[in-house]
Every structure is written in structure tokens, then in C-alpha cells.
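The next block holds one structure in the form of C-alpha cells; read it before the comments.
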Amino acid sequence: MLETAIEFLRKGRVVAFPTETVFGLGASIWSEDAVQRIFTLKGRPQDNPLIAHVGCLDQVDLIAQELPQDFYRLAEVFFPGPLTILVTKKEGISVRVTAGLSTIGVRMPAHPIAKALCIGLGHPIVAPSANLSGRPSATRKEHVIADFGTELFVLDGECGIGLESTIVVLGPTPSVVRPGAITAEQIGEVLGRPVGYLIGNPDKPICPGMKYRHYAPQAEVVFVPSVSYVLPGERVIIPSQKTLYAELRQADADRIQRIYLLDTLEVRSNIALMNRIEKIVSKV
Ligand code: TXA
Ligand code: MG
């Protein structure tokens with residue numbers, strides 16, 4: 001299966017694969033057609049750049065330049081793992097990948113299948129989450145098939161974390177621009193200075209993708225501290241990082257019309273989970 005996937009990527013085809021965060025919909029970074037196909041398959045706006053997944057640091061040198069010391073500090077501690085670092089891109093990378101930006105997001109996945117794919121291909125795989133644009137990310141193979149059908153080649157595996165990677169921007173004031181399993185505090189400890197969350201202006205966030213309504217099921221979703229009764233067609237979900245997306249998808253499959261997401265102290269203390277819940281309940 002792995003060999004077939006590598007062969008497909010080499011031939012300019014798109015394949016889906018598990019990572020430790022969510023499933024990715026991948027293409028060789030050098031295949032212009034496959035990169036475009038990702039946007040078409042997902043219905044993804046062209047102004048939303050893709051993350052490059054690498055198997056080793058040598059692959060970062062193929063696509064990035066002027067890597068600062070902070071990049072290596074973070075890579076040493078958090079790679080491979082659920083962290084994406086924004087760095088200056090090299091000439092020659094398709095504008096489709098970076099949506100015309102001068103930076104590229106680099107992540108070294110820890111999942112053995114994702115890692116083996118990147119190493120086997122020998123150069124980076126660009127991959128957004130393997131879901132139709134606006135739908136909850138896929139954390140199981142059947143979610144990928146539900147969105148894209150059986151024509152797509154999908155490798156199977158488990159996503160242990162269940163939410164997308166933390167994205168960090170470096171420079172004089174390093175900041176987390178998308179919260180994930182690795183916290184700003186952990187990053188700050190490694191860099192030796194405080195690191196905060198910088199989501200930016202909602203109309204012009206630092207991650208272009210954050211301005212789109214994301215992670216949304218078809219049901220109406222409300223975030224409430226308690227629920228006294230549930231009518232037919234309604235469901236209560238206790239949000240957890242690992243299962244949230246799967247539960248939202250299941251609610252749609254069961255034609256649930258209203259979802260009550262329970263607002264608990266534990267949920268509130270998870271910044272990444274809260275960030276996704278805010279997007280899920282937002283109507284824009
Ligand atoms: O965990 C993850 O990161 C997963 C797995 C598959 O690796 N990938 C993922 O990709 O979540 P995607 O495309 O669904 O989300 C990537 C986010 C988008 O909001 C995009 O705008 C932002 O990263 N992004 C990518 N490149 C960027 C760049 N150069 N500058 C700012 N934001 C960037
Ligand atoms: Mg996504």
C-alpha cells in the first residue's frame with residue numbers, strides 16, 4: 001500500500017494519508033497538476049496556502065531559505081510532531097502552494113505512515129486536511145471516503161491527536177497563529193522568551209484559512225454550560241479533542257438538527273479545542 005501511494009505521488013496523483021493530527025490530502029510539492037487537483041477536490045479557495053510535510057531536515061532545505069536559529073531550536077524539540085513552522089520559501093515553489101505568500105508552512109509529521117511517505121518520496125508532500133472545504137477535518141479513513149468517494153487512494157491509520165497542528169510564526173516576536181496540541185507556553189520555553197497567540201483580524205488573519213467558516217457540521221451547533229432536556233433530532237456532545245470531528249460527522253450522518261456542545265472547565269482549558277469550537281458555532 002505504502003509503495004503504491006509513493007508511486008502515485010511520484011506520478012502526480014493525489015493520495016490521502018493519516019497523520020498524528022488529522023488525515024491529509026497530499027501531493028508532491030513539485031507536481032503543479034496534483035497541487036491544483038487538491039484545490040479542486042476540496043473546493044478550497046486559491047488564496048489558502050498548503051503546508052509542506054517533510055520526512056527529514058534535508059527536505060526543508062529543498063523548499064526554505066534563511067532558516068533562523070529559532071527554527072532549529074523548535075525543530076530539535078518538536079519535530080517530528082504536531083507543529084507547523086512558517087519560514088521563508090525558496091524560489092521555484094509553485095505560487096499555488098503558498099497562495100502567493102513569501103512564506104511556507106513546514107511540518108514533520110510523527111505518524112509512521114506520513115513519515116514513511118515523505119521519506120519514500122524523497123521530497124516534501126503538500127497536504128491540507130483531507131476534508132471538503134468547510135467540513136470537519138477527517139480523523140478516520142471513512143471520513144475521507146465520505147467526502148471524496150472511493151476513487152481516491154486512502155492509506156489507513158489512526159490520528160491520535162484529532163486536531164490540526166499548532167502553527168507558529170517566527171521573527172522578533174514569535175507567535176502561535178493557529179493553536180494546536182503544542183502550546184504557546186511550550187514553544188516559549190524552548191525559545192527562552194514568552195510566546196503568545198496571535199490570531200489577527202478576523203477578516204485578515206495571519207493564516208488565510210482561518211477566515212473561512214471551518215469545521216462545521218450541517219446541524220445547528222450551540223455551546224452551552226448545561227442542557228435540561230433534549231428533543232428528537234437533538235444531541236449533546238461533550239467536546240474532546242480526539243473525538244470532536246468524528247462526533248460532528250456522526251451527528252450529520254444521523255441527521256441531527258441541533259447539537260449542544262457542553263461548555264466545561266476542561267474544554268475551556270484547552271485553547272486549541274476552544275478555538276475550533278468558536279469556529280464551529282460561528283455563523284460566518
Ligand atoms: O495538522 C495539520 O496541520 C494538518 C495535517 C494534514 O498535517 N493539515 C492542515 O492543513 O490542517 P490545512 O490546509 O487544513 O490548514 C492549514 C492552515 C490554513 O489555515 C492555512 O491558511 C495556513 O495553515 N497556512 C498554510 N501556509 C501558510 C503560510 N505560509 N502562512 C500563513 N498561514 C499558512
Ligand atoms: Mg483544514
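Since this is a predicted model, take the numbers as computed values, not measurements. Counting convention: from 1, in listed order, for ligands and their atoms alike.
Counting only non-hydrogen atoms, the option in R178, H111, K89, H53 that gets closest to atom 7 (O) of ligand 1 is H53. The option from C207, P109, P82 that lies nearest to atom 32 (N) of ligand 1, judged by heavy atoms, is C207. Nearest residue to atom 4 (C) of ligand 1 from V169, V97, V22 is V22 (criterion: closest heavy atom).
In this structure, atom 29 (N) of ligand 1 lies nearest to the protein heavy atom T103 OG1, 3.1 Å. Closest protein heavy atom to atom 23 (O) of ligand 1: I167 CD1, 3.1 Å. Protein heavy atom nearest atom 19 (O) of ligand 1, with residue, atom name and distance: G209 CA, 3.2 Å. In this structure, atom 3 (O) of ligand 1 lies nearest to the protein heavy atom S165 OG, 2.6 Å. Distance from atom 25 (C) of ligand 1 to its nearest protein heavy atom, with residue and atom name: P49 O, 3.5 Å. Considering only non-hydrogen protein atoms, atom 5 (C) of ligand 1 sits nearest to T21 OG1, 3.6 Å. When hydrogens are left out, the protein atom nearest atom 28 (C) of ligand 1 is L86 CD2, 3.5 Å; that is the closest non-hydrogen contact. Looking from atom 14 (O) of ligand 1 to the surrounding protein, the closest heavy atom is S129 OG, 2.8 Å.
Distances between N or O atoms of T19 and those of ligand 1 include no value under 3.5 Å. For ligand 1, the polar-atom distance check against E164 finds no nitrogen or oxygen pair separated by under 3.5 Å. Checked by distance only, ligand 1 and K42 stay at 3.5 Å or farther apart across all their nitrogen or oxygen atoms.
To the nearest 0.5 Å, atom CG of residue L155 and atom CG of residue L2 are 6.5 Å apart. Summarising the geometry, atom OG belonging to S129 is positioned 10.0 Å from atom CG belonging to L50; distances are rounded to the nearest 0.5 Å. Expressed to the nearest 0.5 Å, how far OG1 of T19 lies from CD1 of I161 amounts to 7.5 Å. Summarising the geometry, atom CG belonging to N270 is positioned 10.0 Å from atom CG belonging to N275; distances are rounded to the nearest 0.5 Å. Between L117 atom CG and H111 atom NE2 the span is 10.5 Å, to the nearest 0.5 Å.
Against a heavy-atom cut-off of under 4.0 Å, L101 is close to the following atoms of ligand 1: 28 (C), 29 (N), 30 (N).
Between the side chains of T84 and S165, at least one donor-acceptor pair of N or O atoms lies under 3.5 Å. Checking S137 against R276 by side-chain atom types alone, no donor-acceptor pair falls below 3.5 Å.
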Q: Step by step, work out the salt bridge (Lys or Arg N to Asp or Glu O under 4.0 Å) result for R107 and E20.
A: CA-CA 12 Å; R107 152 159 149 73; E20 70 277 25; 2.9 Å; yes

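Within the 2.8 Å limit, S129 places at least one N, O or S atom next to the Mg ion (ligand 2).
Ion pairing of D252 with R249 is absent here, as no side-chain N (NZ or NE/NH1/NH2) approaches a carboxylate O to less than 4.0 Å.
Proximity of R44 to ligand 1 is established by a heavy-atom distance of less than 4.0 Å.
A donor-acceptor contact shorter than 3.5 Å links the side chain of T166 to the backbone of I182.
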